[in-house]
Structure formats: C-alpha cells, structure tokens
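Structure first, commentary second.
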Amino acid sequence: MIYIKNLEDDSYLKTYKESLRARGSDESVLEKVLMLNQARKEKTHSIEMKKNEQKKLSAVIGQKKKSGEDAEAEMNSVQSMKSEIKALEEDFETTRSELDDLLMQLPNKIHESVPEGRSDKDNRVERAHGEVPQFSFKPQPHYEIAEKLGIVDFERASKVSGARFSFLMGAGARLERAVANFMLDLHTEQNGYKEVLPPYIVNTESMYGTGQFPKFQEDVFHLEGLPYYLIPTAEAPMTNYFRGETLNESDLPQRFAAYSSCFRSEAGSYGKDTKGLIRQHQFEKVELMTFVHPDQSYEEHDRLTNNAEEVLKRLELHYRVSTLCSGDISFGAAKCYDLEVWLPGEDGYREISSCSNFEDFQARRVNTRFKPKGGGKPRYVHTLNGSGLAIGRTVIAIIENYQQEDGSIKVPDVLQKYLGASIIR
RNA sequence: GGAGAGGUGGCAGAGCGGUUGAAUGCACCGGUCUUGAAAACCGGCGGGCCUUCGCGGGUCUCGUGAGUUCGAAUCUCACCCUCUCCGCCA
C-alpha cells in the first residue's frame with residue numbers, strides 16, 4: 001500500500017496532477033486510484049464493524065462455556081456472520097489488489113525545478129567542465145583502437161556468449177580494474193561512502209522496491225523457473241538494503257559505494273549502439289546510493305552529483321551536466337542530473353552517470369523509515385543514487401580521449417599507479 | 001544433498017485454544033528525590049489501516065501464506081529464513 005496518504009492531501013494532489021501532465025503520463029490512472037481508494041475505505045469500515053460484532057459474541061460464548069451454560073444460539077449467529085464477513089472480504093480484496101496494481105503505475109511527482117519538456121532535446125544543460133579536446137589527427141572510435149591493441153575481443157565473445165558481450169584482454173582488463181579501484185578509493189577515502197559488494201541476484205520483491213517493476217520487467221534477465229533476477233544495477237540490492245526497517249534519525253545519512261556487475265537484456269534496443277562497448281549485456285559500475293533525512297535530500301543530490309563529477313575531473317575528461325526535463329526523467333525520480341562525457345570517436349556526448357533524487361518514492365515501496373529525534377511518528381527516508389561511474393563507459397572515454405596518433409593510449413595521471421604503466425601500446 | 005533445532009515487541013525471554021498486543025528483565029522517554037549525577041521510586045513506551053475537530057474508538061499484526069475452530073502467538077499444512085552435525089565444495 002503506497003502513496004495513498006499524499007494523494008488525500010488536496011494541495012499535493014493538485015501539484016501531482018500537474019506533474020503527471022508534465023511527464024505526459026496517463027491521468028486516468030489517477031482518477032481510478034482516487035475512486036478505488038474511496039471504495040477501499042468504505043469497505044474496510046464495514047468489514048471492521050462486522051468483525052467487531054463477531055469478536056464480542058465470541059467472547060460471550062467463551063464466558064458461557066466457562067460457566068457451563070449453553071451457547072448454541074450465539075454460536076449459530078456467529079456462524080452466519082462469518083460467511084457474511086467472508087463475502088465482504090473477498091470483495092474488498094478485489095478492490096485492494098486492483099488499487100495496488102494501479103498505484104504501482106503512478107510515477108513519482110517531479111520536483112518544481114525540473115524543466116518542462118518532451119524529450120532529451122529539452123533537457124537543461126547546467127554546466128560543463130573542460131573543453132572539447134582537439135586532435136591533430138582524426139580520432140578513432142574506442143573499438144577500433146582497442147581491437148588493434150588486442151585489449152578487447154568481440155568476435156570470440158559473440159561465439160562464446162552472443163552479441164553485446166566482450167572479452168577484455170590484458171591491459172584492457174587491467175584498465176577496467178584500475179578504473180574500478182580508482183573510483184572506489186576516491187569515494188570511500190575522500191567522499192565518505194562505505195564500500196559494498198552486493199549480491200548480483202535479487203528476488204522479485206526487491207525488483208518492485210526500486211520501482212523497476214512492473215514497468216521494466218522486460219529489461220532484466222530472469223533466472224528460469226526461479227523468483228530470481230540478475231541485477232540491472234546495484235541500485236536494486238542497495239535500495240532494498242534497509243527494506244522494512246526503521247532507522248534512528250542519528251543513523252542518517254547512510255552512504256554506500258556499491259561495486260557490481262550489471263546485467264541488462266536491452267530488449268527493444270536492437271540495432272542501437274551495436275558496435276563496441278557502449279551497450280553491453282554485462283558491464284561494471286560503481287553505484288553511489290544514499291539514504292537521507294527528507295529535509296536534506298536536495299543538498300545531498302548536489303553532493304552526490306559532485307562526487308560523481310569528481311571522477312571525471314580527476315581523469316581530466318570533458319563533460320557536461322544536464323537536468324532531465326519532465327518528459328525524459330525516469331518513472332521513479334523526482335529530479336535527475338545526467339553526466340555526459342565527451343567521446344571524440346563519436347564526436348558527441350554520452351551519458352556516463354545518472355544521479356537521481358527519488359525523494360520518498362522508493363522508501364515507500366521498500367518501507368524504509370526513521371524515527372525522528374524529538375519523537376513522533378516514523379517518517380520515510382529519502383533515497384538517492386547515481387553512477388559513480390559506469391566503469392565500461394569510463395574506459396571508453398579514456399581510450400578515446402587519450403588515444404595517440406600511433407594507436408597507443410596514454411594512461412591518465414591518476415590511474416598510472418593502479419595500472420603500473422603510463423601508456424598502453 | 002542428509003539429520004536435527006528454532007523463528008514472539010529495540011534486545012533478552014515467558015506464554016494454558018478463551019477478553020494476551022502479549023508476563024518479566026534490560027534499554028529508552030517523562031516525573032519525584034538530588035547542588036548535579038547515579039541509585040531508588042512512580043508513570044509511559046511497537047507499527048499499519050479505518051474512524052474522530054480532539055479525547056478516543058475499531059481492526060490487523062507473535063517469520064510468510066493458507067487452514068481447523070464460535071474463538072489461534074498457542075493446533076494443522078505449505079513456504080521462507082536462521083542455527084547445529086554429516087557429506088560436498090571455492
């Protein structure tokens with residue numbers, strides 16, 4: 001049961017409707033939800049009244065039996081109440097499950113600072129770092145460079161696994177590992193995150209908790225015949241980490257840097273980015289995930305985004321930051337910044353991180369709350385996450401931005417100690 | 001994979017089929033006492049949903065789900081999880 005309380009608040013409802021419109025989503029779902037919620041309340045009430053009657057009568061029976069009296073009449077009337085209640089409950093259950101299904105289809109309310117728009121063309125560029133690098137030769141795409149250097153093998157990967165898989169070989173594999181270590185060290189030693197290696201498989205319930213389901217059921221790998229899924233991102237296990245728990249306010253914020261492989265079926269993206277490492281079924285990522293006090297989530301959103309940006313800054317890669325517009329922002333996010341890195345081989349920008357504030361959208365689904373310091377009812381935490389960064393795409397950016405005319409790759413300064421080399425040739 | 005034990009409130013730990021949301025202890029919060037603190041004493045102390053302007057009332061919740069019963073934390077079944085021993089394995 002999610003979201004009901006908010007939707008009963010008139011002013012919230014008003015802004016929520018505006019938000020739905022800005023997203024371009026179906027408003028009729030909301031109308032149905034409001035109707036069903038009303039029905040749900042009425043049905044709950046009548047069931048509870050009946051149950052109360054029944055309980056009282058049962059107590060009478062208990063008394064009578066104890067004192068050896070006959071309770072035949074009472075027992076008969078309880079019997080008939082029971083069937084009445086059963087019918088009411090079945091009816092209620094229909095309403096409730098219908099309502100639940102619809103509630104899962106309602107997207108998060110977007111934040112007021114999110115620009116209106118329909119597609120990624122309407123996203124608002126907030127800032128850029130560095131400048132588009134100039135080359136004295138024509139820069140090659142990463143897969144050309146990498147294949148020539150023998151640090152990636154797509155052909156054998158397609159034989160062994162299929163399309164959208166790769167073998168990283170030698171310095172390629174090591175570069176991937178170096179980048180992962182560099183990011184994790186930065187986030188744990190300087191940015192205050194706790195390092196996590198989460199499970200790569202989660203159960204059905206966890207997939208609903210992050211808001212991946214039911215909408216994106218197609219995009220994940222399902223283990224046949226089992227209620228298990230390969231994680232499309234570490235966001236899945238991490239958002240569920242405190243599922244069903246009530247934390248203390250003093251426990252907040254909780255900041256995690258989770259390193260994991262990610263698995264995506266990429267159904268529906270056939271023909272897109274078929275070359276190279278851009279869109280693989282399996283890739284590595286360091287995911288930043290935080291649980292914070294609701295009053296601090298927007299401050300935290302900037303912090304987290306800055307932490308992700310710092311990786312690119314230290315690697316001296318040109319990138320820009322945009323706020324996703326209302327039509328482009330994901331289902332569960334209230335606000336989202338995309339970090340796009342410059343790829344000379346493509347002569348364009350590529351998303352390398354997506355930093356979202358979910359406010360309490362996910363927290364409601366996973367039921368993660370905290371007890372306020374001064375006492376009072378538990379409140380939902382706010383959750384945020386962002387790639388810090390996608391490792392495979394970072395490797396691509398390094399290959400393309402640090403390529404030399406002779407086909408070698410210069411190693412960025414900060415990675416040299418991890419790689420034990422200053423050039424890959 | 002085989003054999004056994006167990007899952008009760010923040011923790012520890014009782015619980016006979018009958019008014020038990022659940023004894024007791026600890027922790028926590030408020031108060032008395034104290035210069036202050038401790039100790040002692042008194043009181044309070046889970047969450048969801050429905051209802052109420054509020055006080056309050058109702059209902060659900062003792063791993064999860066179904067069932068037996070007028071009535072289930074207590075009985076039955078299935079599932080999940082934890083622990084111990086054996087086997088296997090990185």
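Chain naming here is simple, since letters A, B, ... match the order of the sequence lines and numbering starts at 1 in each. Just so it is clear, the model here is predicted, and its values are computed rather than measured.
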Nearest-Å distance, [atom1] ([X]) to [atom2] ([N])?
{"X": "Lys50(A)", "N": "rC70(B)", "atom1": "NZ", "atom2": "P", "answer": "18 Å"}
{"X": "Arg243(A)", "N": "rG47(B)", "atom1": "CZ", "atom2": "P", "answer": "21 Å"}
{"X": "Asn367(A)", "N": "rG46(B)", "atom1": "CG", "atom2": "P", "answer": "18 Å"}
{"X": "Glu245(A)", "N": "rG48(B)", "atom1": "CD", "atom2": "P", "answer": "16 Å"}
{"X": "Glu42(A)", "N": "rU59(B)", "atom1": "CD", "atom2": "P", "answer": "20 Å"}
{"X": "Ile61(A)", "N": "rC70(B)", "atom1": "CD1", "atom2": "C1'", "answer": "4 Å"}
{"X": "Lys41(A)", "N": "rC49(B)", "atom1": "NZ", "atom2": "P", "answer": "10 Å"}
{"X": "Glu93(A)", "N": "rC49(B)", "atom1": "CD", "atom2": "P", "answer": "17 Å"}

In whole Å, measure the gap between the [atom1] atoms of [N] and [M] for me.
{"N": "rG4(B)", "M": "rA14(B)", "atom1": "P", "answer": "24 Å"}
{"N": "rA40(B)", "M": "rU20(B)", "atom1": "C1'", "answer": "31 Å"}
{"N": "rA27(B)", "M": "rA12(B)", "atom1": "C1'", "answer": "10 Å"}
{"N": "rG44(B)", "M": "rC26(B)", "atom1": "P", "answer": "16 Å"}
{"N": "rG17(B)", "M": "rG58(B)", "atom1": "P", "answer": "27 Å"}
{"N": "rC83(B)", "M": "rG31(B)", "atom1": "P", "answer": "43 Å"}
{"N": "rG25(B)", "M": "rC45(B)", "atom1": "P", "answer": "15 Å"}
{"N": "rG7(B)", "M": "rU74(B)", "atom1": "P", "answer": "12 Å"}

Out of [options], which has the shortest distance to the side chain of [X]?
{"X": "Pro378(A)", "options": "rU59(B), rC49(B), rG48(B)", "result": "rG48(B)"}
{"X": "Asn52(A)", "options": "rG58(B), rG47(B), rC70(B)", "result": "rG58(B)"}
{"X": "Arg369(A)", "options": "rG18(B), rG48(B), rU51(B)", "result": "rG48(B)"}
{"X": "Ser58(A)", "options": "rG48(B), rU51(B), rC70(B)", "result": "rC70(B)"}
{"X": "Lys51(A)", "options": "rC60(B), rC50(B), rG18(B)", "result": "rC60(B)"}
{"X": "Gln79(A)", "options": "rC70(B), rC50(B), rG48(B)", "result": "rC70(B)"}
{"X": "Arg40(A)", "options": "rC49(B), rC70(B), rC60(B)", "result": "rC49(B)"}

Task: 5'-most by nearest nucleotide on RNA chain B - Gln38(A) or Lys377(A) - done: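 That would be Lys377(A).
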How would you label the contact of [X] with the nucleic acid (heavy atoms, under 4.0 Å): base, sugar-phosphate, or nothing?
{"X": "Lys56(A)", "value": "nothing"}
{"X": "Gln54(A)", "value": "sugar-phosphate"}
{"X": "Lys371(A)", "value": "sugar-phosphate"}

State yes or no: are the ring centers of [X] and [Y] separated by less than 6.0 Å?
{"X": "Phe263(A)", "Y": "His281(A)", "value": "no"}
{"X": "Phe242(A)", "Y": "Phe291(A)", "value": "yes"}
{"X": "Tyr337(A)", "Y": "His301(A)", "value": "yes"}
{"X": "Phe361(A)", "Y": "His382(A)", "value": "no"}
{"X": "Phe154(A)", "Y": "Phe167(A)", "value": "no"}

State the pairing partner of [N]; accept Watson-Crick or G-U wobble contacts with both distances under 3.5 Å, and report none otherwise.
{"N": "rA40(B)", "answer": "rU32(B)"}
{"N": "rC75(B)", "answer": "rG67(B)"}
{"N": "rU59(B)", "answer": "rG48(B)"}
{"N": "rU20(B)", "answer": "none"}
{"N": "rG10(B)", "answer": "rC26(B)"}
{"N": "rA90(B)", "answer": "none"}
{"N": "rU84(B)", "answer": "rA3(B)"}
{"N": "rG54(B)", "answer": "none"}

Task: Side chains of Arg96(A) and Leu99(A) in contact at under 4.5 Å (non-hydrogen atoms) - done: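 They are not in side-chain contact.
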- [ ] Output the distance between atom CG (Asp328(A)) and atom OG1 (Thr323(A)), rounded to the nearest 0.5 Å.
- [x]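 With rounding to 0.5 Å, CG (Asp328(A)) is 11.5 Å from OG1 (Thr323(A)).
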- [ ] Tell me whether the OP1 or OP2 atom of rC49(B) has a side-chain N or O from Lys43(A) closer than 4.0 Å.
- [x]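 So the side-chain polar atoms of Lys43(A) never come under 4.0 Å of the phosphate oxygens OP1 or OP2 of rC49(B).
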TODO: Would you mind telling me which of Asn357(A), Thr383(A), Asp360(A) makes a side chain to side chain donor-acceptor pair (under 3.5 Å) with Ser297(A)?
DONE: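 Of all the options given, the one that passes is Asn357(A).
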